[in-house]
K.L.:
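Quick one: the structure is below, and I'll ask about it shortly.
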Amino acid sequence: MRIPTVTYRIQFNSAFGFDSAKAITKYIADLGISDLYASPIFKARAGSGHGYDVVDPTQLNPELGTEEAFEALVKELQQHNMGWLQDIVPNHMAYDSQNQYLMNILENGPDSTYVDYFDIAWNSPFASSNEPILAPLLGNFFATSLENGEIQLKYEESGLNVNYYSLKLPLKLESYAKFLTQNLGKLAKNLGRNHPAFVRLLGILYIVKNIPSEVTAQQRRDQAAFVKGLLWELYSDNEEVRIFIDENLQLFNGEPGKPESFNLLESLLSEQFFRLTYWKVGAEEMNYRRFFTVNELISMRVEDFKVFKNTHDLICKLVHEGKFTGLRIDHIDGLYDPKQYLDRLREKTGDTYITVEKILQQGEDLPSNWSVQGTSGYDYLNYLNGIFCQSESEEKFTQIYSEFTGIKTEYEQIIPDKKHLIIERNLAGDIDNLAFLLKTIAGNYRYGSDFTINGLKRALAEVLSRFPIYRTYIDREGISDIDRSYIQQVIDATKPHTPFLHNELNFIEKLLLLEYDDFLTQTEKDQWLYFVMRVQQYTGPLMAKGVEDTALYVYNRFLSLNEVGGEPGHFGISLSEFNEFNQKRQARWPHAMSTTSTHDTKRGEDVRARLNVLSEIPEEWQQQVRTWSEINRSHKKTVKRFAMPDKNDEYLFYQTLVGAFPFFEREYGDCVERVKDYVLKAIREAKVYTAWLRQNSAYEDAFVDFVKSVLELSENNSFLKEFTPFQQRVAFYGIFNSLSQVLLKITSPGIPDFYQGTELWDFSLVDPDNRRPVDFEIRQSYLKTIQEQTKTDVLKLIEQLLSTKEDARIKLFLIVQALKARTENIDVFNAGNYLPLEVSGKFQEHIVAFARSQGHKTIITIAPRFFTRLIQPGEYPLGQQIWQDTSLKLPSGTPSTWKDAITGQTVQASDTVLVGETLKHFPVALLVSQS
């Protein structure tokens with residue numbers, strides 16, 4: 001198995017394809033990267049900016065380049081001895097006209113070859129009813145869209161289809177009869193009933209009207225191809241037939257302003273295997289499983305082996321050819337049976353590096369029976385970030401937040417409240433499906449016959465809203481002790497809130513724990529298990545939407561902690577917790593990924609590094625916020641005594657601005673626009689005054705106007721005069737937080753991962769802001785200069801980098817030096833022990849230090865934190881004068897001579913080393929033992 005040394009994430013899109021990646025391959029190799037980590041590269045919907053909306057997993061995305069360009073990129077990587085870690089999407093595909101598997105289903109219904117490909121059996125629309133598959137893709141109500149002429153029938157060689165802007169859905173073959181019989185008498189009169197063309201058309205009608213009720217998928221496909229071919233020949237060869245069809249199209253498409261003229265099209269659409277609806281309908285009615293709440297992403301049944309095989313053949317082929325050397329699995333929690341999937345993938349790909357996108361709550365671990373190398377790194381991100389948050393300031397920050405916003409609700413209570421909101425507004429149709437299934441099971445037994453669907457739904461909603469983790473992993477092999485404890489925990493937590501539903505809760509617990517009655521048949525047991533596994537597919541999206549995409553935008557006490565997989569109710573992480581996490585990681589998942597920024601993080605790594613500074617200066621922060629709010633009061637709009645934005649959103653804005661404010665004036669205008677876009681997304685995600693489903697333009701406009709006014713560049717802007725000096729001070733300290741963060745990521749157990757562009761300062765906000773184009777030219781220029789100067793006089797270079805630290809070359813320099821040391825000592829970092837080191841002296845709490853050792857080689861990481869109590873603005877955390885008696889106890893049995901891999905300087909030490917001597921030239925140190 002090829003284990004990456006360090007990965008570099010690239011977001012491919014039409015503007016950055018295979019050729020673009022090839023052009024920077026040497027650069028990232030020189031940076032110290034061992035493996036390109038690629039966003040999905042399989043054919044996605046046209047214009048996709050991220051690649052997760054796949055329409056065909058059996059071919060590469062042509063928007064990224066030709067197959068020759070892909071092969072050239074692979075060859076270039078291999079010439080630099082680099083691997084390729086590929087992000088793959090097994091859970092879903094795009095609900096899009098380009099998705100030919102789905103279009104085949106919409107055209108052929110239960111007779112489609114691909115009817116089992118997608119998770120459209122929530123309510124078994126084909127098996128137990130005639131319910132069509134929902135197509136909630138209209139931008140307005142169906143009637144409005146229809147009568148406005150936005151829904152149009154069209155005809156082309158592929159057949160009849162209904163169009164709504166770029167959406168094109170095929171009509172079922174049986175519907176051709178209704179279309180072709182319209183005004184058929186007129187055609188007969190014009191052509192004559194004995195005309196060969198008319199006779200052929202009658203033959204087509206006969207075939208269409210006499211399709212057997214039971215046909216194989218192959219027979220139906222052959223019939224459709226035959227009929228479409230004959231009709232297109234007629235349309236192409238005979239002018240009267242062409243006029244007849246074109247006039248029918250015009251007739252069916254109606255005339256805006258005459259509602260009755262659309263009756264024919266409405267009737268035709270009512271016959272289809274799909275039902276076009278307003279997109280908001282998907283929040284309350286849903287008969288296919290989506291990715292979270294995204295109607296345009298329909299989930300697959302990858303647990304079906306033929307689906308797995310077809311969607312993974314190209315992936316496995318590229319693995320076997322050595323082009324992909326590792327895989328990252330997107331949204332593993334969305335799968336029906338994750339372990340089965342991973343076992344199959346391992347069987348098909350062999351000894352390949354595999355990581356999973358899995359959000360772990362604090363204290364939670366990956367299932368031990370998963371055949372993977374670990375997670376993609378959110379767990380590491382939150383532990384690392386937490387040690388830079390000053391935990392002793394929690395009470396003060398709670399007070400500041402409460403006094404400024406009036407919010408006193410604890411985060412732990414906000415979570416179930418927001419999950420309930422998502423259940424009611426965004427996932428109502430999904431929970432209806434679960435409740436229906438639960439009621440069906442309950443009705444089979446005497447003890448469940450009196451349960452009403454309403455009572456079961458309320459009980460189930462309460463259980464799901466209080467689920468403490470993303471999901472459990474119960475399957476045919478049974479239930480683990482860990483999952484059992486989670487289920488019992490959530491039932492116990494739910495009962496006090498539902499005093500009249502204890503019997504229903506006991507029944508739900510019985511099902512979730514698979515406590516089968518002795519008299520159950522195997523079919524009934526399978527039904528119980530099916531319900532449990534469906535619930536498991538639901539808890540993850542509910543957690544993601546209720547917490548990540550709602551609660552984290554509502555509870556704004558301290559935004560640095562509001563991260564994917566984070567728990568903002570816990571104000572920071574102790575060093576002992578961080579060390580314990582690293583020790584467990586080294587023992588269990590030594591090759592898991594360690595990330596600090598991704599395409600999904602809520603804010604960039606250096607934004608968090610700045611915000612963490614605030615945790616050190618709560619009193620000053622409180623005074624600043626009060627002052628800013630008073631200055632900016634006049635910029636708010638007041639409607640019926642309600643000032644917009646409210647204090648909670650205003651508090652979010654100030655924190656965001658402190659974190660994202662640029663170093664250079666030339667970037668100011670762009671920053672203002674980005675912040676305006678960000679606050680708009682944030683308040684829609686919060687779902688308090690506005691939301692994606694119900695946009696409140698008055699509140700949104702008021703907030704955007706507030707941002708614009710507050711940040712207007714003018715001599716009279718009192719806010720900027722007050723804000724800028726404070727922000728610059730925070731940014732100064734944030735630089736040193738960032739450097740420590742970088743070194744810790746590179747040297748902790750795990751595989752360090754760098755998101756594109758983050759080798760310089762990353763002040764990005766949530767997507768799409770963090771997917772902006774990266775200026776690789778300036779990075780290449782910086783790297784070349786750094787490499788040249790490092791060879792001549794590294795200390796002079798460091799002095800220069802410190803004096804110009806705002807341009808971020810200092811971060812790039814640290815990455816280059818630390819990754820070089822990691823590569824040269826890869827065995828130590830991959831398999832070496834992890835030993836927390838004892839620090840003593842005046843500033844002992846300001847140092848994070850640990851040793852990685854294997855055999856006779858020991859490498860020590862020294863990373864400071866909490867700089868506001870250490871240095872004044874303009875000073876550097878360097879030398880004995882700053883660190884005084886702070887010292888580090890070295891591991892026993894190590895040599896007395898060390899080399900700092902960052903500065904190249906030799907350090908002499910026996911049992912202890914003075915931190916000031918080690919941090920004489922650079923703010924962090926990486927000591928490598930010299931034999």
Side-chain angles (χ1 to χ4, degrees), residues 103-115 125-127 129-133 135 146 151-163 168-254 260-276:
M103 294 304 104
N104 191 286
I105 296 173
L106 299 188
E107 180 178 359
N108 298 301
D111 294 326
S112 170
T113 307
Y114 306 106
V115 69
F126 298 134
S129 73
N130 294 318
E131 180 184 357
I133 301 171
L146 182 71
I151 301 173
Q152 294 281 288
L153 192 64
K154 293 187 178 180
Y155 177 65
E156 55 192 30
E157 188 173 4
S158 61
L160 284 168
N161 52 74
V162 60
N163 289 248
K168 182 174 71 174
L169 304 181
L171 298 193
K172 64 194 290 188
L173 193 60
E174 290 84 348
S175 293
Y176 284 55
K178 176 173 287 189
F179 178 80
L180 293 174
T181 53
Q182 195 69 32
N183 289 330
L184 188 61
K186 182 180 178 181
L187 179 63
K189 183 178 179 181
N190 291 341
L191 275 178
R193 291 190 174 275
N194 295 324
H195 192 284
F198 188 76
V199 172
R200 288 166 65 192
L201 185 62
L202 290 179
I204 291 171
L205 275 169
Y206 179 82
I207 295 172
V208 170
K209 289 182 176 180
N210 292 277
I211 297 174
S213 57
E214 293 186 6
V215 293
T216 66
Q218 182 62 48
Q219 288 172 329
R220 184 178 182 87
R221 188 163 59 246
D222 291 344
Q223 285 179 330
F226 182 64
V227 166
K228 290 178 182 179
L230 288 177
L231 188 59
W232 184 253
E233 283 182 11
L234 278 175
Y235 182 82
S236 302
D237 297 342
N238 189 281
E239 184 178 359
E240 290 295 334
V241 172
R242 182 166 61 255
I243 292 172
F244 162 71
I245 289 177
D246 289 346
E247 288 180 346
N248 272 2
L249 288 173
Q250 186 175 1
L251 180 67
F252 272 77
N253 285 332
E260 68 280 358
S261 67
F262 294 94
N263 291 348
L264 283 173
L265 182 55
E266 180 183 17
S267 176
L268 191 70
L269 290 175
S270 69
E271 298 177 352
Q272 304 310 310
F273 290 119
F274 58 85
R275 174 189 160 207
L276 270 172

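Please read all numbers here as calculations on a predicted model, not as lab measurements.
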K.L.:
How many angstroms lie between CD in E157 and CD in E233, if you round to the nearest 0.5 Å?
P.N.:
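Rounded to the nearest 0.5 Å, the CD-CD separation comes out at 10.0 Å.
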K.L.:
Can you find a pair of side-chain heavy atoms, one from L201 and one from L230, that are under 4.5 Å apart?
P.N.:
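Not in contact.
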K.L.:
Could you tell me whether the side chains of E156 and S158 share a donor-acceptor contact shorter than 3.5 Å?
P.N.:
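Yes, S158 and E156 have a side-chain donor paired with an acceptor closer than 3.5 Å.
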K.L.:
Taking all non-hydrogen atoms of both residues into account, name the closest pair between V162 and F274 and its distance.
P.N.:
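Of all heavy-atom pairs spanning V162 and F274, the closest is CG1-CZ, 3.7 Å.
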K.L.:
Do M103 and L169 touch side chain to side chain, with heavy atoms closer than 4.5 Å?
P.N.:
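Sidechains of L169 and M103: in contact.
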K.L.:
Any chance you could lay out the side-chain contact (heavy atoms from CB on, under 4.5 Å) test for N183 and E247, step after step, and finish with the verdict?
P.N.:
CA-CA 9 Å; N183 289 330; E247 288 180 346; 5.9 Å; no
K.L.:
Check Q182 against L251 and note the closest heavy-atom contact, atom names and distance.
P.N.:
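Scanning both residues completely, I find the closest heavy atoms to be CG-CD2, 3.6 Å.
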K.L.:
Tell me the closest heavy-atom pair linking L191 and A197, and the distance in Å.
P.N.:
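Distance-wise, the nearest heavy atoms are CD1-CB, 4.2 Å.
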K.L.:
Name the one of L171, N248, N161, L249 that satisfies side-chain contact (heavy atoms from CB on, under 4.5 Å) with Y155?
P.N.:
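The residue from L171, N248, N161, L249 that satisfies side-chain contact (heavy atoms from CB on, under 4.5 Å) with Y155 turns out to be L249.
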K.L.:
Quick check: do R193 and F198 have side-chain heavy atoms less than 4.5 Å from each other?
P.N.:
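Yes; the side chains approach each other to less than 4.5 Å.
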K.L.:
Is atom CD of E239 surrounded by more than 12 heavy atoms (other residues, nucleotides or ligands) closer than 6.0 Å?
P.N.:
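Counting other residues, nucleotides and ligands, CD of E239 stays at 12 neighbours or fewer.
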K.L.:
Is the backbone N or O of K168 less than 3.5 Å from a side-chain atom of N163, with the two atoms forming a donor-acceptor pair by type?
P.N.:
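Such a contact is absent between N163 side chain and K168 backbone.
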K.L.:
With distance as the sole criterion, is a donor-acceptor pair present between the side chains of Q250 and D246 under 3.5 Å?
P.N.:
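Side chains of Q250 and D246: no pair found under 3.5 Å.
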K.L.:
So, taking the atom named NZ in K228 and the one named CD in Q223, what distance separates them when rounded to the nearest 0.5 Å?
P.N.:
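Rounded to the nearest 0.5 Å, the NZ-CD separation comes to 12.0 Å.
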K.L.:
Heavy atoms only: give me the nearest R242-S236 pair and the separation to one decimal.
P.N.:
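Looking at all heavy atoms of both residues, the shortest contact is NH1-O, 3.7 Å.
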K.L.:
Atom NZ of K178 and atom CG of L264: how far apart are they, to the nearest 0.5 Å?
P.N.:
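Here the rounded value is 8.0 Å.
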K.L.:
Distance-only, no hydrogens or angles: does the R275 side chain make a donor-acceptor pair with backbone N or O of I133 under 3.5 Å?
P.N.:
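Not confirmed, R275 side chain does not pair with I133 backbone.
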K.L.:
Do R220 and E174 meet the salt-bridge criterion of a basic N to acidic O distance under 4.0 Å?
P.N.:
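Judged by the 4.0 Å cut-off on N to carboxylate O distance, E174 and R220 do form a salt bridge.
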K.L.:
Side chains of H195 and N238: does their closest heavy-atom pair fall under 4.5 Å?
P.N.:
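The answer is yes; the side chains approach within 4.5 Å.
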K.L.:
Once you round to the nearest 0.5 Å, how far does CZ of F273 lie from CG of D111?
P.N.:
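Here the rounded value is 6.5 Å.
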K.L.:
Could you pull out the closest heavy-atom pair between I151 and L265, with the gap in Å?
P.N.:
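Heavy atoms only, the tightest pair is O-CD2, 3.4 Å.
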K.L.:
Within the side chain of Y176, is there an N or O that forms a donor-acceptor pair under 3.5 Å with the backbone of L160?
P.N.:
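Side chain of Y176 to backbone of L160: a pair is present.
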K.L.:
Is the shortest heavy-atom distance from the side chain of L180 to the side chain of V208 under 4.5 Å?
P.N.:
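Counting from C-beta outward, L180 and V208 never come under 4.5 Å.
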K.L.:
Does CG in N194 sit with more than 12 non-hydrogen atoms of other residues, nucleotides or ligands closer than 6.0 Å?
P.N.:
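No, CG of N194 has 12 or fewer neighbouring heavy atoms, counting only those of other groups under 6.0 Å.
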K.L.:
Any side-chain heavy atom of Q272 sitting closer than 4.5 Å to one from P132?
P.N.:
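Side chain of Q272 against side chain of P132, heavy atoms only: no contact under 4.5 Å found.
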K.L.:
Is there a side-chain contact between I245 and F179, using heavy atoms and a 4.5 Å cut-off?
P.N.:
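Result yes, sub-4.5 Å side-chain heavy-atom pair found.
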K.L.:
Do the non-hydrogen side-chain atoms of N190 and I243 ever get within less than 4.5 Å of each other?
P.N.:
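The answer is no, as the side chains (C-beta and beyond) never meet within the 4.5 Å cut-off.
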K.L.:
Which residue in the set N108, N104, T113 passes side-chain hydrogen bond (donor to acceptor under 3.5 Å, both in side chains) when paired with R221?
P.N.:
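Filter result, single survivor: T113.
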K.L.:
Write down the atom of L184, the atom of L202, and the distance for their closest heavy-atom approach.
P.N.:
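Heavy-atom minimum between the residues: CD2-CD2, 4.1 Å.
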K.L.:
Between CG of L276 and CG of L269, what distance do you get to the nearest 0.5 Å?
P.N.:
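With rounding to 0.5 Å, CG (L276) is 6.5 Å from CG (L269).
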